[in-house]
Amino acid sequence: FAAVDEYLTGEENLYMIGRLYRMSIADTKRRSRELLEQFDLVEAANRPVKTYSGGMKRRIDLAMSLIASPPIIFLDEPTTGLDPRSRLTMWEMIKKLVASGTTILLTTQYMDEADQLADKIVVIDNGRVIAEGTASQLKTKVGSDRLEITIAKKSDFEKALKVIDGEAMQIDPERRILSIATRGGVKELKQVLQHLEDKHVEVESVSLHRPTLDDVFLRLTGHTASKEADIQVQEKNK
């Protein structure tokens with residue numbers, strides 16, 4: 001949750017933190033104006049924070065942590081519960097902070113977030129570090145591609161499961177989708193489709209994707225990311 005005083009305005013929250021950092025009144029006011037502009041909160045600056053949306057509260061919360069221009073920032077799941085637009089806005093702010101020279105240590109359950117933001121990733125499962133490296137380095141642990149197959153409704157989904165014996169398989173019974181990691185690319189795709197055809201299993205659609213960090217996590221742990229199994233992301237300015 002956003003650690004803000006909801007009865008104060010956005011500007012008052014910034015001013016309070018600045019003075020707690022023992023910044024001068026002039027520096028606090030100047031820095032507050034800069035952050036309100038940076039986080040697109042100028043129009044809401046004089047409104048009580050309790051009237052802010054969830055995304056706006058996260059933004060003023062992050063702005064408060066930046067009032068004293070710290071060289072290192074710790075962010076614990078900063079986009080959890082945000083709508084897609086607010087999430088993308090937060091990503092852009094994090095990228096700008098890193099580009100400006102700030103080091104960010106960020107924890108997240110969202111693999112796409114780690115992929116988008118991280119220079120270095122540490123994968124933690126049940127409190128134990130099981131892998132670390134760049135997104136590209138971790139993806140090489142899975143394979144070059146991911147094969148995703150949608151089984152037609154009139155075909156037996158359980159039968160398709162027995163036909164396809166892929167590595168790091170993900171199953172979505174409701175959408176009737178099978179997804180497997182593959183190093184064989186198009187060649188393996190042809191083989192899998194042939195096996196399904198031989199067993200009279202009809203395919204509705206098929207696609208070949210590059211591996212994701214979700215694939216990495218599943219391969220390393222045998223399960224998808226959850227509250228008990230987070231990814232820790234370290235942002236470093238290059």
Side-chain angles (χ1 to χ4, degrees), residues 1-122 124 127 135 213 225-238:
F1 63 91
V4 294
D5 188 321
E6 295 196 341
Y7 291 96
L8 297 180
T9 66
E11 187 172 23
E12 287 169 342
N13 268 284
L14 288 167
Y15 184 84
M16 174 182 69
I17 298 299
R19 296 298 286 148
L20 287 172
Y21 270 114
R22 299 181 183 275
M23 294 169 60
S24 69
I25 292 176
D27 285 345
T28 300
K29 289 182 177 180
R30 174 187 56 77
R31 185 65 177 142
S32 295
R33 286 193 298 270
E34 291 175 354
L35 290 168
L36 289 169
E37 291 177 2
Q38 180 181 345
F39 285 85
D40 194 24
L41 292 169
V42 174
E43 292 184 4
N46 296 313
R47 282 169 39 198
V49 171
K50 64 181 179 180
T51 66
Y52 285 16
S53 66
M56 292 170 69
K57 287 179 181 178
R58 293 289 176 85
R59 279 147 54 195
I60 194 65
D61 187 27
L62 183 54
M64 288 163 63
S65 70
L66 298 174
I67 193 77
S69 302
I72 302 174
I73 299 174
F74 294 83
L75 297 177
D76 184 14
E77 300 183 12
T79 64
T80 298
L82 294 185
D83 61 82
R85 183 179 178 181
S86 296
R87 189 173 177 226
L88 290 175
T89 299
M90 184 65 74
W91 282 7
E92 288 304 312
M93 291 176 179
I94 291 172
K95 289 176 182 178
K96 288 178 181 178
L97 287 172
V98 174
S100 68
T102 304
T103 294
I104 296 180
L105 182 71
L106 180 149
T107 61
T108 181
Q109 298 176 62
Y110 303 125
M111 304 300 102
D112 58 336
E113 186 163 271
D115 207 351
Q116 283 282 334
L117 300 177
D119 291 322
K120 181 181 179 182
I121 300 172
V122 176
I124 299 175
L213 288 180
S226 66
K227 280 289 183 183
E228 293 73 36
D230 297 338
I231 269 194
Q232 188 178 60
V233 181
Q234 184 174 1
E235 284 276 6
K236 288 185 178 179
N237 182 50
K238 295 181 179 179

Inset, instruction - In sequence, state the C-alpha distance, the side-chain angles, and the governing distance for Ile124 and Thr107, and then conclude on side-chain contact (heavy atoms from CB on, under 4.5 Å). - result: CA-CA 10 Å; Ile124 299 175; Thr107 61; over 6 Å; no
Which pairs of donor and acceptor atoms, one on a side chain in residues 17-24, lie under 3.5 Å apart (sequence neighbours left out)?
residue, atom, partner, partner atom, Å
Arg19, NH1, Met23, O, 2.6
Ser24, OG, Asp27, N, 3.1
Ser24, OG, Asp27, OD2, 3.3

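- Annotation: the span from Tyr52 atom OH to Arg59 atom CZ amounts to 9.5 Å, rounded to 0.5 Å.
- What you find for Ala114 and Leu213 is that their closest heavy atoms are CB-CD1, 3.8 Å.
- Between atom CG of residue Asn46 and atom OG1 of residue Thr9 there is a gap of 5.5 Å, rounded to the nearest 0.5 Å.
- Ile72 pairs in a side-chain contact (heavy atoms from CB on, under 4.5 Å) with only one of the listed residues (Thr103, Ile104, Leu105), which is Thr103.
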Quick one: side chains of residues 32-42, donor-acceptor pairs under 3.5 Å with protein atoms, not counting sequence neighbours, listed by atom name and distance.
residue, atom, partner, partner atom, Å
Ser32, OG, Thr28, O, 2.7
Glu34, OE1, Arg31, NH1, 3.1
Glu34, OE2, Arg30, NH1, 3.0

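- Across all non-hydrogen atoms, the minimal contact from Ile60 to Gly10 is CD1-O, 3.7 Å.
- Inter-residue side-chain proximity for Tyr15 and Ile67 is flagged as unmet; no heavy-atom pair is nearer than 4.5 Å.
- The shortest distance between side-chain heavy atoms of Glu113 and Ile94 does not fall below 4.5 Å.
- Between Met64 and Leu14 the shortest side-chain heavy-atom distance falls below 4.5 Å.
- In this structure, Ser53 has no side chain to side chain donor-acceptor pair (under 3.5 Å) partners at least two apart in sequence or on a different chain.
- Pairing each heavy atom of Lys57 with each of Val49, the nearest pair is CE-O, 3.4 Å.
- In this structure, Met90 CE and Leu75 CG are separated by 8.0 Å, a value rounded to the nearest 0.5 Å.
- The minimum heavy-atom distance linking Ala135 with Asp115 is given by the pair CB-OD1, 3.4 Å.
- One distance of note links NZ of Lys50 with CG of Asp5; it measures 10.5 Å at 0.5 Å rounding.
- Residues Gly55 and Ser86 come closest through the heavy atom pair CA-OG, 3.8 Å.
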Inset, instruction - Could you please spell out the steps behind the side-chain contact (heavy atoms from CB on, under 4.5 Å) verdict for Arg58 and Leu62? - result: CA-CA 6 Å; Arg58 293 289 176 85; Leu62 183 54; over 6 Å; no
